[in-house]
Amino acid sequence: QVQLVESGGGLVQPGGSLRLSCAASGFPVSRYTMSWYRQPPGKERELVASIRYTGGSTNYADFVKGRFTISRDNAKNTVFLQMNSLKPEDTALYYCASPHLDLWGQGTLVTVSS
């Protein structure tokens, strides 16, 4: 079964950190560009970060540069999003996706609040 399952969301105080995981099954993440998106409350979904299948190069949205890091573990077939220095405006439902396969996870909620 081809699917993506996110985990790691939760409630964190401003300035804190979270690490999101995206476990893939049915296909190798090493052979596809993988991305994290987010949808803040009442807003459109937006791209957060991507990691290319060739060479593992990464790119980030300006609003997370220097704070978030996308990575993957091919042996575990898992993609990660390390989020540091979190801000209240980072509150959103975070989704893992394989754009080429048009495959999305169910999302994991991140809430940044004191």
For T78 and D73, does a side-chain donor sit closer than 3.5 Å to a side-chain acceptor?
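The answer is no; no qualifying pair exists.
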Is there a path of hydrophobic side-chain contacts, each under 4.5 Å between heavy atoms of I, L, V, M, F, W or Y residues, that connects [X] with [Y]?
{"X": "L47", "Y": "L93", "value": "yes"}
{"X": "L101", "Y": "Y95", "value": "no"}
{"X": "V48", "Y": "Y32", "value": "yes"}
{"X": "F63", "Y": "L86", "value": "yes"}

Counting distance only, does the side-chain N/O of [X] pair as donor-acceptor with the main-chain N or O of [Y] below 3.5 Å?
{"X": "N77", "Y": "V29", "answer": "yes"}
{"X": "S30", "Y": "Y53", "answer": "no"}
{"X": "S35", "Y": "S50", "answer": "no"}
{"X": "S21", "Y": "F80", "answer": "no"}

Just jot down the side chain to side chain contact (heavy atoms under 4.5 Å, CB included) partners of T69, sequence neighbours excluded, or say none.
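With neighbours one apart ignored, the set is Y60, Q82.
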Strictly below 4.0 Å, N to O, side chains only: are D90 and K87 in salt-bridge contact?
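Not counted as a salt bridge, because no side-chain N and carboxylate O are separated by less than 4.0 Å.
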Determine, stepwise, if the pair I51 / T33 fulfils side chain to side chain contact (heavy atoms under 4.5 Å, CB included).
CA-CA 6 Å; I51 182 166; T33 293; over 6 Å; no
Taking all non-hydrogen atoms of both residues into account, name the closest pair between N84 and S17 and its distance.
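Distance-wise, the nearest heavy atoms are OD1-OG, 2.9 Å.
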Over all atoms of both residues, closest heavy-atom pair of A49 and L81
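A49 and L81 have their closest heavy atoms at CB-CD1, 4.4 Å.
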Test side chain to side chain contact (heavy atoms under 4.5 Å, CB included) applied to L20 and T108, step by step:
CA-CA 8 Å; L20 306 184; T108 185; 4.0 Å; yes
Contact check, side chains of T111 and V12, non-hydrogen atoms, under 4.5 Å:
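The answer is no, as the side chains (C-beta and beyond) never meet within the 4.5 Å cut-off.
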Passing option when Y94 is tested against R38, E6, Q39 for side chain to side chain donor-acceptor pair (under 3.5 Å)
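Result for side chain to side chain donor-acceptor pair (under 3.5 Å) with Y94: R38.
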According to the interplanar angle, ranging from 0 to 90°, do the rings of W104 and Y37 count as parallel (below 30°), tilted (30 to 60°) or perpendicular (above 60°)?
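It falls in the tilted class, 30° to 60°.
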Test log, rule side chain to side chain contact (heavy atoms under 4.5 Å, CB included), inputs C22 and V5:
CA-CA 5 Å; C22 171; V5 179; over 6 Å; no
Side chain to side chain contact (heavy atoms under 4.5 Å, CB included) between Q106 and L4: does it pass, once the steps are laid out?
CA-CA 8 Å; Q106 82 288 350; L4 297 169; over 6 Å; no
